[in-house]
Structure formats: C-alpha cells, structure tokens
Amino acid sequence: MAASPARRRRWEREQARLRTGLLEEDTEPWQKDPQFSGLHRVGGVDLSYIKGDESRACASLVVLSYPALEVLYQDCRMVPVTAPYVAGFLAFREVPVLVEAVQRLQQEEPQLQPQVLLVDGNGLLHPRGFGIACHLGVLTDLPCIGVAKNLLHVDGLVRDELHREQVRSLQRSGETLPLTGTSGKVLGMVLRSCSNSSRPLYVSVGHRVSLGTAVRLVRACCRFRVPEPIRQADIRSREYLRKQPCAPVEVLEAVPASPERWVCGQGGSAPGLSCSNGIKGTGRVTR
DNA sequence: GCGACAG
DNA sequence: ATCTTGTCGC
C-alpha cells in the first residue's frame, strides 16, 4: 500500500512534535483509578505466526499484577493452528488453544487466575456481535475485553476519511469516541491510549465487563499504545518464535472439558469491576 | 458483481 | 499476523 501524501505529512508532523518534546510520556496517574482498588491480576493473550506456516503458531498467556503491571505468570508454547484467518472468524482460529492455556493456568496456578483478560481482537464489535473476546470469555467464564488495533468493518462502521478525522480529533491520551453502528448501537470505543501514538485502540465488551469499565481498565494498563498484558504476551510469543522457529508443536494434554466449565454465573465479577454489560449473547450462560 | 474487513 | 532499513530521539 502506497503511503498517501497526507498520511506521510501526518507522520512527519508527529515525528517533529516528538523531536520538539511536545509529546511526552503520560504523567497522569493512569493506574490509580479508584474503581480498580480490588483489582490485582490482569491477563493477556496473543498468538504469533510464522510467515509461510499455516499449521503452527506460538501462543502465550500472561498474568500481570495490578497496578504494578509486573509479569506474575507466563505460558508460551508452540500450538497447532487448524483454521485459516478470515476476518470475522478469528475466534475459530485462536480460541481453541487459548482456552487450553487458561485451563492449564487454572489447573497449575489457580491462585494466579486473572480477574480480567485482555484479548487481541474484538468482542461485541463484530459482524455477529460475538467476536473472539466474547467467545473466549464464555468458554472460560472470565471477564474479557476486546482490544483491537484496527477497525473491523461492521454495522456501517468503516475506516474512511471521516473516521480518520474523528480519530485525529483525539488529542490527549484517555480521550475516547463512541463507535456507533448504523443500527444505533454503541459497539465499542475508539481510545487514544497514550499520548505518544496517534493510532488508537478499538475497545469493546467481551464478557462480564461494561464498556465504560473496559475502556478505563485498558487505559489503566497502558504504558505504551498496546496495553501491557497484551504487549507482554506479544513480546513473549514472538521472542519464542525468533529463538526457536522450529520448535515442535506441543502435545496438548487434554484437560477434561467438564460441562461445568461452560456454565457461567457461578462467580461474581472481578472485584472492583462492574459486570453489567446489558448485552444479549455475552451475559451469563445458564443452562 | 467485486471489494473492503480483528489477527 | 508477517516481510523489512534506516532514522531519530531519550
């Protein structure tokens, strides 16, 4: 894709502002949101892929402390990939191995269970209102938040010039913009997560978290543009691939999938997190 | 009709 | 997601 003159100008302007020190690290107490006083562990997941390899990937699950954002747990391993990537069907490609990772954590270090999970991709901001963050949330019964770095075109939302202009209007970190589809529903929020990057994040409800809480929590986890849990998971999986590109796929120990795991609503929401999302399809599942 | 469209 | 070089700045 050829860089448009306009985009290049914006980039140069951003660089210039960086050089002159107009954009500085956030100094605001982004981790001190009183709403999250009961929050101690935030999880993040990510998969890294190898260029010409459609059958393997490196999956990682990390758990960070809050508000210190230090890595308490990490699980990084080669996993088999069965489905291709198709926009709108990401969950079918990544969720299976992520569920197994969460189950391993629950088995081996239950005390490190995250109170909320940040997922690469969308939740409600999805053609069928059920993106990977919803999918993973329901299967693990963990509160999940969808964090995408690009806009998925859905319900009339497109990354056209108008959208780019709206994104440009987000000047300071923490500023948001609702993503309202043609249907009139607010499907997510555009979030400028840090002052150093003009590229936003697309936050949406995954499971058992309200949109407002999701946005504040994501921002509370941002040292850089990508929230630390996802960033740490990303760093670990690509570093693993860099060092051991030929690592064999691990034989996955079949954790018995007891139906109880799929029955949600037995635990409350994470301490300090409001859990009302009022969204059909991602609420509690009662068999 | 064709193409855009999370990772 | 991945492929890539240098460049600028703290």
Side-chain angles (χ1 to χ4, degrees), chain A residues 1-3 8 11-27 44-61 78-79 81-98 118-137 144-164 179 181-182 187-191 194-197 199-206 214 218 223-227 230-231 233-242 245:
Chain A
M1 54 184 104
R8 197 164 58 86
W11 184 83
E12 289 170 348
R13 180 164 48 82
E14 199 74 7
Q15 293 300 308
R17 296 174 68 186
L18 276 168
R19 276 193 295 276
T20 52
L22 290 179
L23 293 177
E24 298 176 350
E25 274 298 334
D26 294 348
T27 54
V45 292
D46 186 55
L47 268 73
S48 289
Y49 298 92
I50 311 168
K51 186 186 173 186
D53 193 335
E54 281 301 299
S55 66
R56 301 182 311 147
C58 182
S60 63
L61 162 64
M78 295 301 299
V79 296
V81 172
T82 54
Y85 169 70
V86 180
F89 297 86
L90 175 64
F92 296 96
R93 180 172 167 87
E94 301 195 339
V95 153
V97 296
L98 293 178
L118 302 191
V119 186
D120 241 318
N122 302 117
L124 292 179
L125 181 53
H126 182 272
R128 288 162 294 285
F130 204 79
I132 186 170
C134 304
H135 205 135
L136 185 60
C144 281
I145 297 172
V147 182
K149 295 179 285 295
N150 294 287
L151 179 64
L152 177 59
H153 292 192
V154 55
D155 195 13
L157 295 171
V158 289
R159 185 167 151 277
D160 52 14
E161 194 47 49
L162 171 60
H163 178 264
R164 296 180 186 187
L179 282 167
T182 304
L187 302 177
M189 287 282 212
V190 188
L191 167 69
C194 76
S195 55
N196 289 345
S197 177
R199 291 192 60 192
L201 253 29
Y202 299 91
V203 179
S204 59
V205 164
V218 166
R223 282 181 166 148
F224 306 101
R225 182 171 85 108
V226 175
I230 289 179
R231 182 169 165 268
D234 178 68
I235 289 173
R236 281 162 172 72
S237 56
R238 42 202 307 176
E239 186 67 3
Y240 186 102
L241 281 186
R242 192 183 67 80

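Backbone-only engagement by Leu151(A) is indicated by non-hydrogen atom pairs under 4.0 Å involving sugar-phosphate atoms exclusively. Within the nucleic acid shown, Asn122(A) comes within 4.0 Å of at least one base atom, counting heavy atoms only.
DNA chain C forms no stem, meaning no run of 3 or more consecutive Watson-Crick or G-U wobble pairs whose two key distances fall under 3.5 Å.
For Pro200(A), the side-chain contact (heavy atoms from CB on, under 4.5 Å) partners are Val167(A), Val190(A), Tyr202(A), not counting sequence neighbours. Considering only residues two or more places apart in sequence or on other chains, Ser237(A) meets the side chain to side chain donor-acceptor pair (under 3.5 Å) condition with Ser48(A). Not counting sequence neighbours, His153(A) has no partner by the ring pair (Phe, Tyr, Trp, His ring centres under 6.0 Å) test. Partners of Arg236(A) by side chain to side chain donor-acceptor pair (under 3.5 Å), not counting sequence neighbours, listed by chain and number: Gln74(A), Gln232(A). Among residues two or more places apart in sequence or in another chain, the side chain to side chain donor-acceptor pair (under 3.5 Å) test is passed with Asp53(A) by Ser55(A), Arg56(A). In this structure Glu54(A) satisfies the side chain to side chain donor-acceptor pair (under 3.5 Å) test with no other residue, sequence neighbours excluded.
Note: CZ (Arg128(A)) to C1' (dC5(B)) measures 11 Å, nearest angstrom. A straight line from CG of Leu157(A) to P of dA4(B) spans 18 Å, rounded to a whole angstrom. Taking atom CG of Asn196(A) as the reference point, atom C1' of dC10(C) lies 11 Å away to the nearest angstrom. Counting to the nearest Å, the C1' atom of dA4(B) and the OH atom of Tyr85(A) are 11 Å from each other. Rounding to whole angstrom units, CZ of residue Arg159(A) and P of dC5(B) are separated by 7 Å. Whole-Å rounding puts the Asp53(A) CG to dG7(B) C1' distance at 16 Å. Residue Leu136(A) contributes atom CG, which lies 14 Å from atom C1' of dG7(B) at whole-angstrom precision. Between His153(A) atom NE2 and dC2(B) atom P there is a gap of 20 Å when expressed in whole angstrom units.
Taking side-chain N and O atoms only, Asn150(A) has no distance below 4.0 Å to OP1 or OP2 of dC5(B).
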*Please step through side chain to side chain contact (heavy atoms under 4.5 Å, CB included) for the pair Leu98(A) and Leu61(A), ending with a clear verdict.*
CA-CA 8 Å; Leu98(A) 293 178; Leu61(A) 162 64; 5.9 Å; no
For DNA chain B, the expected dot-bracket line (Watson-Crick or G-U under 3.5 Å, [ ] crossing, | inter-strand) is .......
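With values rounded to the nearest 0.5 angstrom, Leu151(A) atom CG is found 10.5 Å from Arg164(A) atom CZ.
Interface residues of residues 87-96 of chain A facing DNA chain B, ordered by number: Ala87(A), Gly88(A), Phe89(A), Leu90(A), Arg93(A); criterion, heavy-atom separation under 4.0 Å.
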Pull out every protein N or O sitting under 3.5 Å from an N or O of nucleotides 1-5 of chain C, one pair per line with the distance.
from, atom 1, to, atom 2, distance (Å)
dA1(C), OP2, Lys149(A), NZ, 3.3

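When every heavy atom of Ala214(A) is checked against every heavy atom of Ile145(A), the shortest pair comes out as CA-CD1, 3.6 Å. Between Ser60(A) and Asp234(A), the shortest heavy-atom contact is OG-N, 4.4 Å. Scanning both residues, Leu124(A) and Cys134(A), for their nearest heavy atoms gives N-SG, 3.8 Å.
A salt bridge (Lys or Arg N to Asp or Glu O under 4.0 Å) check over residues 118-133 of chain A, counting only residues at least two apart or in different chains, returns the pairs Asp120(A)-Lys149(A).
Panel note: side chain Ser204(A), backbone Gly123(A); a donor-acceptor pair is recorded below 3.5 Å.
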Could you give the side-chain donor-acceptor pairs of residues 81-94 of chain A under 3.5 Å, partners two or more places apart or in another chain?
from, atom 1, to, atom 2, distance (Å)
Arg93(A), NE, Tyr49(A), OH, 3.3
Arg93(A), NH1, Ala83(A), O, 2.8
Glu94(A), OE2, Tyr49(A), OH, 2.6

